[in-house]
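One-based numbering, in listed order, for ligands and for the atoms of each.
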Amino acid sequence: MNGDFKKKKRYGQNFLTNPAIPNRIAAESGITAEDGVIEIGPGFGILTKELCSIAKKVVCIEIDSELIGILSKKLEGINNVKVINADVLKTDIASLIKDEFEGMDVCVCANIPYYITSDIVMSLLEGRYGLKSVTVMVQKEVADRFTSKPGTEGYGAVTAAINYYASAKKLFTVKAGSFDPKPKVDSAVIHFDVYKQPRVKVNDEQTLFKVIKAAFSQRRKTLANSLYSAFSNGRSKEDIASLLGQCGLSPSVRPEELDIEQFAMIADRI
Ligand code: SAM
């Protein structure tokens, strides 16, 4: 069906073959007829077609130049789509939004390559592009981690950072058999509602992320000990303990118990 095309492992090419899945991704993405959509890695366009049917305009970014001709043929007759042959991680997303989606809310919706899942998600959130939402298919265990709540095992530095920018939820899981080639693990679709402003206001973002990173750097340590290692700078352990006390936290609290508001409180005092 797709000629002599040879799938490339290095580009994370696991193509969806079950047509019910792209239909459901598009339906549950919250994208409206007024929205612009960026799709990363359209492949043969199975999700692209669904997105074009619900959105005002779709711009796809595909790294594999061999796919561009095949994709253009598949999308023939659809007039609200544009295909760009580029590496998404080297694409100037802010300029793309400005040039392609004037006056539209912009959503990202994609079955993204697994080898750069975190890079893509974090750069979309950290880039502050004013996106309305990000709906992506990722490996199931990554989806669980990205959407885990404080106090649960999967909750870590990445989850806390994500919670600063967006509210994340898992929409549904997708069996490995829905792809060609079949991956080793199941996948899941997650949805981020991106906040217009980060969820908490802090004096200094760098400090917030340094606190989060330090807190989770040694999960087995108490928060007081981890913060002491990273921020000792003239402070005693007692100073750190008293700082945590000012935030209503016990010195023996574990990092995974803290939500983004509590990390922000620490960052503003440390
Ligand atoms: N959307 C298609 C589907 O669902 O069948 C393909 C999904 S496949 C998991 C990932 C796609 O992303 C492939 O088409 C691959 O060539 C493309 N890709 C990989 N790395 C990329 C990058 N850095 N920038 C843009 N596209 C990339």
Side-chain angles (χ1 to χ4, degrees), residues 1-29 31 37-55 58-75 78 81-97 100 107-124 126-127 129 131 134-143 146 171-191:
M1 188 171 92
N2 294 306
D4 297 330
F5 182 80
K6 283 203 177 52
K7 299 171 196 87
K8 301 174 188 73
K9 233 183 171 168
R10 69 178 186 282
Y11 287 153
Q13 291 179 342
N14 297 95
F15 297 101
L16 269 167
T17 49
N18 176 350
I21 305 297
N23 183 282
R24 190 164 171 202
I25 296 174
E28 295 194 24
S29 65
I31 294 166
V37 177
I38 299 173
E39 187 194 4
I40 298 158
F44 296 120
I46 187 168
L47 175 62
T48 320
K49 286 185 185 166
E50 297 289 341
L51 295 172
C52 289
S53 73
I54 59 165
V58 178
V59 173
C60 314
I61 306 168
E62 172 56 62
I63 197 169
D64 187 350
S65 48
E66 218 191 310
L67 276 171
I68 302 299
I70 305 173
L71 184 61
S72 303
K73 276 218 174 70
K74 300 239 178 204
L75 300 176
I78 299 178
V81 67
K82 177 169 179 174
V83 178
I84 298 174
N85 185 197
D87 178 343
V88 68
L89 295 177
K90 294 186 184 145
T91 302
D92 180 346
I93 300 290
S95 300
L96 184 145
I97 291 174
E100 302 288 347
C107 308
V108 170
C109 188
N111 170 19
I112 54 177
Y114 296 155
Y115 74 107
I116 43 172
T117 299
S118 293
D119 291 344
I120 291 177
V121 168
M122 291 319 292
S123 73
L124 289 173
E126 287 167 359
Y129 300 122
L131 295 168
V134 175
T135 308
V136 282
M137 174 129 67
V138 300
Q139 285 179 310
K140 188 177 163 297
E141 53 148 345
V142 176
F146 281 3
L171 295 180
F172 56 93
T173 53
V174 180
K175 289 276 169 219
S178 296
F179 302 87
D180 176 36
K182 183 176 162 184
K184 289 198 181 75
V185 292
D186 290 343
S187 296
V189 179
I190 48 178
H191 179 85

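Partner of M137 under the side-chain contact (heavy atoms from CB on, under 4.5 Å) criterion, out of N14, T173, I21: I21 alone.
Atoms of ligand 1 lying under 4.0 Å from any heavy atom of P42, numbered from 1 in the order shown and given with element: 1 (N), 2 (C). Each of the atoms 23 (N) of ligand 1 lies under 4.0 Å from some heavy atom of I116. Listed by atom number, the atoms of ligand 1 under 4.0 Å from Q13 heavy atoms are 13 (C), 15 (C), 16 (O). Atom numbering of ligand 1 starts at 1 in the shown order; those under 4.0 Å from a heavy atom of E39 are 1 (N). Taking every non-hydrogen atom of D87 and a distance limit under 4.0 Å, the qualifying atoms of ligand 1 come out as 22 (C), 23 (N), 24 (N). Within ligand 1, the atoms closer than 4.0 Å to a non-hydrogen atom of L67 are 14 (O), numbered from 1 in the order shown. Close approach of ligand 1 to I61 is summarised as follows: ligand atoms under 4.0 Å from at least one heavy atom of the residue are 25 (C), 26 (N). Taking a cut-off of under 4.0 Å to the non-hydrogen atoms of G12, the atoms of ligand 1 that pass are 8 (S), 9 (C), 10 (C).
Within a 6.0 Å sphere centred on NZ of K182, other residues, nucleotides and ligands contribute 12 heavy atoms or fewer. Under a cut-off of 6.0 angstrom, the local environment of CD in E141 is sparse, with at most 12 non-hydrogen atoms contributed by other residues, nucleotides or ligands.
Taking the six-membered ring for Trp and the full ring otherwise, Y11 and Y115 have centroids separated by 6.0 Å or more.
Here the heavy atom of the protein found nearest to atom 20 (N) of ligand 1 is Y115 OH, 2.8 Å. When only non-hydrogen protein atoms are considered, atom 4 (O) of ligand 1 lies nearest to N111 ND2, 2.8 Å. Closest to atom 12 (O) of ligand 1 among all protein heavy atoms lies G41 CA, 3.1 Å. When hydrogens are left out, the protein atom nearest atom 14 (O) of ligand 1 is E62 OE1, 2.7 Å; that is the closest non-hydrogen contact. Closest to atom 19 (C) of ligand 1, if we only count protein heavy atoms, is Y11 O, 3.1 Å.
Neither the backbone nor the side chain of L47 comes within contact range of ligand 1; no heavy atom lies under 4.0 Å. In T48, neither the side chain nor the backbone holds a heavy atom less than 4.0 Å from any atom of ligand 1. The residue F179 has no part lying near ligand 1, judged by heavy-atom distances below 4.0 Å. Neither the backbone nor the side chain of L89 comes within 4.0 Å of ligand 1, counting heavy atoms alone. The backbone of A86, and not its side chain, has at least one atom closer than 4.0 Å to an atom of ligand 1 (non-hydrogen atoms only; backbone = N, CA, C, O).
A donor-acceptor contact closer than 3.5 angstrom is absent between the side chains of N85 and E62. Side-chain N/O atoms of Q139 and S187 include no donor and acceptor closer than 3.5 Å.
Between I63 and V88, the closest side-chain pair of non-hydrogen atoms is not below 4.5 Å. Side chains of V108 and T135 form no contact here, defined as non-hydrogen atoms less than 4.5 Å apart.
Remark: side-chain polar atoms of S29 are paired, donor with acceptor, to backbone N or O of I31 under 3.5 angstrom. Judged by distance alone, the side chain of S123 and the main-chain N or O of D119 form a donor-acceptor pair under 3.5 Å. Side chain of T117 to main chain of V138: no donor-acceptor pair is present (N/O by atom type, distance under 3.5 Å, no hydrogens or angles).
Polar contact with ligand 1: absent for F44 (N/O pair, distance under 3.5 Å). Polar contact check, V88 against ligand 1: a nitrogen or oxygen pair lies under 3.5 Å apart.
A salt bridge is defined here as a Lys NZ or Arg NE, NH1 or NH2 lying under 4.0 Å from an Asp or Glu carboxylate O, and K6 with E66 fails to meet this definition.
Counting only non-hydrogen atoms, the option in I63, L16, N18 that gets closest to atom 26 (N) of ligand 1 is I63.
Classified by interplanar angle (parallel below 30°, tilted 30° to 60°, perpendicular above 60°), the ring pair F5/F15 is perpendicular.
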